[in-house]
Amino acid sequence: MISIVFFGSHQFSTPIFQKIIDSGLFDIKLVVTQPDRPVGRKQEIQMTGVKMLALKYNIPVEQPATLKNYVLPVTADVNIVCKYGLIIPESILNSAKFGSINTHASLLPKYRGASPIQSVLINGEKETGSTIMLMDKEMDHGPILSQETLAIDPNENCFELSERLAPLEAELLIKTVPDFVAGKISPQEQNHVAATFCKELTRDDGKIDWTKTAIGIYNLYRGLTPWPGIWTTWQEKRLKLLKIGLSESSVPEGKLTAVDGRLFMGCGENTAIEIFELQLEGKNAIDARGFINGFKNLL
RNA sequence: CGCGGGGUAGAGCAACCAGGCAGCUCGCAGGGCCCAUAACCCUGAGGUUCUCGGUUCAAAUCCGAGCCCCGCAA
């Protein structure tokens with residue numbers, strides 16, 4: 001059995017970790033995940049999903065705050081890293097017998113970085129995929145072991161795409177690792193000149209630029225749903241647009257407009273979106289109809 | 001004690017600051033108009049104004065305490 005140390009912190013890592021456990025192919029010696037952190041308005045301390053799983057299966061957990069000078073208490077055949085969230089020093093990467101393997105939710109060398117799933121949607125890509133690769137000291141830079149492509153539905157959002165990508169990635173991973181350890185795969189160097197990058201997203205990335213076209217804004221919406229979501233300002237307040245769609249209507253750019261009980265916003269180049277569900281700062285989320293009824297005199 | 005908005009009819013809002021019959025847009029029920037309608041006209045039902053206490057002749061409104069929802073922030 002192949003012994004592994006699993007590194008993961010993000011929500012996306014949880015189903016993949018589950019799959020690794022369920023496969024029964026691996027001897028999981030240790031889980032490394034980020035420290036429990038305060039979350040939400042009440043700042044309640046919460047552990048990562050990966051840690052919850054580890055506890056459930058009685059797997060030892062380490063949560064170093066930093067990996068500087070950190071030494072793994074065990075060594076394994078392979079380190080598997082899946083959205084751990086911190087840069088892992090070379091000394092740790094090289095501590096495993098066969099090295100460290102990373103999963104990345106894009107068709108590398110495209111979309112290296114922290115937000116591949118969001119970014120492909122924002123850019124309106126038609127396809128994406130999963131890549132399993134060896135890690136080196138640069139981010140998402142190592143030789144590729146395997147890759148699989150997935151077509152993107154023009155209307156799916158980040159959550160839905162993640163839900164489809166995660167099992168694909170998990171399958172590919174548990175197939176690739178044993179083959180690699182058995183020497184059946186020769187790693188392929190990435191075509192570094194073709195590399196593109198995506199940064200970590202913040203709430204500010206969800207602020208809508210109404211001079212962009214409707215399709216651009218719709219893609220932003222898809223990429224940032226459910227987090228951090230897209231928003232604009234209205235009556236000096238933050239207005240989140242929770243559910244929108246493309247529209248053929250012709251309405252003024254950047255102006256919230258009600259027509260026949262439906263809500264529209266004009267975008268660049270005479271395009272428009274329709275808003276179905278929205279939320280004003282300090283208020284609950286409501287549908288377009290309720291919004292129009294309440295703010296009729298302001299629309 | 002991180003900052004801020006809010007709780008009023010089934011939904012969304014107004015009235016609160018300067019206390020005096022609780023209102024608007026929808027929805028719902030009934031009726032009318034129409035070839036017909038989610039359109040239009042008329043009528044109606046539906047409220048412990050989050051809870052508890054205080055001030056007052058009088059509290060949705062002012063004061064105090066509590067519960068709940070939400071936007072930031074992390």
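So you know, we letter chains A, B, ... as the sequences are listed, proteins then strands, and number each from 1.
With a cut-off of 3.5 Å on both pairing distances, the Watson-Crick or G-U wobble partner of B/rG12 is B/rC24. B/rG2 is paired with B/rC72 under the criterion used here, namely a Watson-Crick or G-U wobble arrangement in which both key atom distances are under 3.5 Å. Pair check for B/rC67 finds B/rG7; Watson-Crick or G-U wobble, both atom distances under 3.5 Å. For B/rG46, there is no paired nucleotide, since no Watson-Crick or G-U wobble pair has both relevant distances below 3.5 Å.
Residue-environment remark: CD (A/Glu200) stays at or below the threshold of 12 foreign heavy atoms within 6.0 Å.
In this structure, the nucleotide among B/rG12, B/rG71, B/rG5 sitting nearest to the side chain of A/Lys237 is B/rG5.
Taking atom CD of residue A/Glu277 and atom P of nucleotide B/rC70, one finds them 14 Å apart after rounding to whole Å. When the P atom of B/rG12 is taken as reference, atom CD1 of A/Ile292 falls 15 Å away, rounded to whole Å. Taking atom CZ of residue A/Arg289 and atom P of nucleotide B/rC24, one finds them 20 Å apart after rounding to whole Å. As a whole-Å value, the separation of A/Ile286 CD1 from B/rC69 P is 19 Å. Atom-to-atom, CG of A/Asn284 to P of B/rC13 comes out at 8 Å; the value is rounded to the nearest Å. Regarding A/Leu278, its CG atom lies at a distance of 16 Å from the P atom of B/rC70, rounded to whole Å. In this structure, the NZ atom of A/Lys283 is 9 Å from the C1' atom of B/rG12, given to the nearest Å. To the nearest angstrom, P of B/rC72 lies 13 Å from NZ of A/Lys207.
Here the options are A/Thr196, A/Asp140, A/Thr128, A/Asn123, the test is side chain to side chain donor-acceptor pair (under 3.5 Å), and the partner is A/Tyr111; only A/Asn123 passes.
Within 4.0 Å of A/Gly290, counting heavy atoms only, lie sugar-phosphate atoms of the nucleic acid but no base atom.
In this structure, A/Lys296 reaches the B/rC26 phosphate: one of its side-chain N or O atoms is under 4.0 Å from OP1 or OP2. Taking 4.0 angstrom as the limit, A/Gln279 places a side-chain polar atom (N or O) nearer than this to OP1 or OP2 of B/rG71. In terms of phosphate contacts, A/Arg203 brings a side-chain nitrogen or oxygen within less than 4.0 Å of OP1 or OP2 of B/rA73. Of the side-chain N and O atoms in A/Arg238, one or more sit less than 4.0 angstrom from OP1 or OP2 of B/rC72.
As rounded to the nearest Å, B/rA73 and B/rG19 have P atoms that lie 38 Å from one another. Nucleotides B/rA11 and B/rC28 have their P atoms positioned 14 Å apart, rounded to a whole Å. When the C1' atom is compared between B/rG6 and B/rG44, the two are found 32 Å apart, to the nearest whole Å. Comparing the same atom, P, in B/rC35 and in B/rA29 gives a spacing of 25 Å after rounding to whole Å. Here, B/rC16 and B/rC34 have their C1' atoms 45 Å apart, quoted to the whole Å. The same atom, P, is picked in B/rG66 and in B/rG47; the two are 31 Å apart, to the nearest Å. Straight-line distance between the C1' atoms of B/rG53 and B/rC67: roughly 15 Å, to the nearest whole Å. Here the separation of B/rU55 from B/rA59, taken at their P atoms, is 12 Å to the nearest Å.
Salt bridge status for A/Glu281 with A/Lys240: absent, with no side-chain N to carboxylate O gap under 4.0 Å. Residues A/Asp153 and A/Arg164 are not paired through a salt bridge, judged by the lack of any N-O separation under 4.0 Å between the basic side chain and the carboxylate. The residues A/Arg222 and A/Glu156 are annotated as not salt-bridged, no charged nitrogen and carboxylate oxygen being separated by less than 4.0 angstrom. With salt bridges taken as basic N to acidic carboxylate O contacts below 4.0 Å, one links A/Asp205 and A/Lys199.
Looking at which nucleotide of RNA chain B each of A/Ala285 and A/Trp231 is closest to, the 5′-most match is held by A/Ala285.
Using cut-offs of 30° and 60° on the angle between ring planes, the pair A/Trp234 and A/Phe291 is tilted.
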